[in-house]
Amino acid sequence: MSTPSGVKSHRTQNGVWKVTTRKLPILKAEPIEELSKAINIPIPEMIFGDNIVAIEHVPSGWTLEFNARDALDRVSKTEKGMLQVAVAEEWKKERSHQEEVKQVVKPFDWSYSTDYKGTTHVGGSKGAWEMSDQAKSPIRTDLLSRPDPILFFDTVDLYEDELADNGIALLSIKVRVMPERLLLLCRFFLRLDGVIIRIRDTRVYVEHSANTIIRQYTAKEAKYDVVYEKLKAMGENAPETFRDANKLAPLLGTVEDTTDIFQVSRDVD
Amino acid sequence: MTPAPTLANPPPPASVDLDECISRLYKKELLADSVIEAICAKTKELLMKESNVVHIQAPVTVVGDIHGQFFDMIEIFKIGGFCPDTNYLFLGDYVDRGLFSIETISLLVCLKLRYPERVHLIRGNHESRGVTQSYGFYTECSRKYGNPAVWHYFTDMFDYLSLSCVIDDKIFCVHGGLSPSIHSIDQIKIIDRFREIPHEGPMADLVWSDPDSDRDEFSLSPRGAGYTFGAQVVKKFLEVNSMNHILRAHQLCNEGYMVMFDDRLSTVWSAPNYCYRCGNLASVLEVGPGGERKWNVFDAAPENDAHRLEQQQQQQQHAGNDPVRDYFL
């Protein structure tokens, strides 16, 4: 069901889990300014500040929510990890005597790279996220690969920026609910032309009959030139493939891979 | 699917029937690649004679980024009037991102050739070989024509597009914004513009820079390339050049336009529901004979939805499943 408020939701057959999405237009000028003041960095050119995806454990009210504000708040607000575009060196040389330019914008990670794993509202559940691993708490890709009927599906963008024609930064979410399980993928994709390719995936997996939420965070990256050479060797059409994160992901090296779990309370007093 | 080009024996360039081309393009038909070649050659000849700063008179309707959103461009003509009844100034970014960059730029170029004094096209940052290879136009040309030849015809022609326009000596129009290397309009006139857009320098700044209401002067982006310009820069530029307004495009605004710096600068954005998913409004700016400015705001054309539905149905027939849902992992 889609409503004028942009909200769609689905409750699993056992009534325990509820997935909600909200998709609305990009923010207007005034809310953009407020958001920029609140998190203290400039806002990406496409900002879906009203969009959300939420997975709720209905009995306890426990919710894992994904929204643009919290994702952007985790972008580095200092020089730490700051990238430079491919032509930056050329610019420095050419402009070293440019007297007109008196100001430099406060440094921040303008690639909008985020390690956002969602925002947790514990509700009536006690406890916290606990470290685990894929051996103990696997996301069952075997079961997820079965062609079970998809009862609910949505894809929701949180923000996107073309990095002034130097590539793309995109944070987007896909969610699908099958009869016995659900999967959410929150993906940050960065292609900085001539510099780097970066993919940071947060996967959330729930078996409807269990009380455990499994969350896996996988960060991958590789130098642009390395990926380009690999694509050439594979005979791929580089311009097209460079826009397809799914095809690029296997070509990148994993820099971080962690799994944590949350045990929600079955009964809330 | 897009109909294949049908002109089997293309006429020699001198005999291209522009009116026929225009009426076909209004119906979103593609022209044969040989016709595109001839049209781009003629457009180069025409544009070559234009200054880097084209002086025009009001009334004129100014259009911002279109980005291949063909149905929405037709909506602009429905709202603002068809050529040549209405004079148009297009501020660049005709291609990339949208589904119909070829149809969009083909129509605009034919209108320019047919009504050279009533239609003006200037260059945006996407009218470039480098950018169009990453953001869709190159791929669209290769796909719809089976080879990238028309992409070469168009991008070679882009090198001839003018960089700016002045309306009634009062409104300075450009795609991006100002440059720290440019104080006077005369400094724009001496740029050698017949080339690919460079990575840096005044020509790059004109198509790339953005205003910043939090600052007074020029600032270097933390990216290491690209400028923003502030209130004092705008004020000084207008004083030095005896003008009263800067009109530019280049930045997405949910409301379709944005006015800044005490009404000294405005941004016009003409791609509604940008990329078919932003949900934003779009606008064109009608500049009247007395210099008065009227925003004409519009929403996405209904043809977009009809087209999307048609595409989905076709995909469904081919794939036998729901193209929207996928078994992502």
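Note that the structure is predicted; figures quoted are calculated from it, not measured.
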So what's closer than 4.5 Å to chain A heavy atoms on B:T139: side chain, backbone, both or neither?
side chain

With side chain to side chain contact (heavy atoms under 4.5 Å, CB included) as the test, would you mind laying out the steps for B:L252 and B:C278 before giving the verdict?
CA-CA 10 Å; B:L252 173 61; B:C278 279; 4.1 Å; yes

Please state whether the side chain, the backbone, both or neither of B:Q133 comes within less than 4.5 Å of a heavy atom of chain A.
backbone

Looking at A:L185, A:D109, A:N246, A:L192, which has the largest count of heavy-atom pairs under 4.5 Å with chain B?
A:L185

Is it the side chain or the backbone of A:I32 that comes within 4.5 Å of chain B heavy atoms, both, or neither?
neither

Below 4.5 Å from any heavy atom of chain B, which atoms of A:N166 appear? Answer side chain, backbone, both or neither.
both

Assess the residue pair A:F188 and A:S113 against the criterion (side chain to side chain contact (heavy atoms under 4.5 Å, CB included)); give the C-alpha distance rounded to whole Å, side-chain angles, the decisive distance to 0.1 Å, and a yes or no.
CA-CA 7 Å; A:F188 173 77; A:S113 296; 3.5 Å; yes

Tell me, for A:L83 versus chain B, whether the close heavy atoms (under 4.5 Å) come from the side chain, the backbone, both or neither.
backbone

Can you tell which of B:H126, B:E127, B:E196, B:R129 makes a side chain to side chain contact (heavy atoms under 4.5 Å, CB included) with B:F158?
B:E127

Region of A:V195 that comes under 4.5 Å of a non-hydrogen atom in chain B
neither

Do A:R176 and A:F152 form a cation-pi contact, if we require the NZ or CZ to be under 6.0 Å from the six-membered ring centre and within 45 degrees of the ring's axis?
no

Check whether A:F48 gets within reach of chain B through its side chain, its backbone, both or neither, counting any heavy atom under 4.5 Å.
side chain

Contact class of A:E33 relative to chain B, heavy atoms under 4.5 angstrom
neither

Is the B:H67 to B:Y274 ring centre distance short of 6.0 Å?
yes

A:R146 portion near chain B, given a 4.5 angstrom heavy-atom threshold:
backbone

Check for me whether the distance between the ring centres of B:F237 and B:F172 falls short of 6.0 Å.
yes

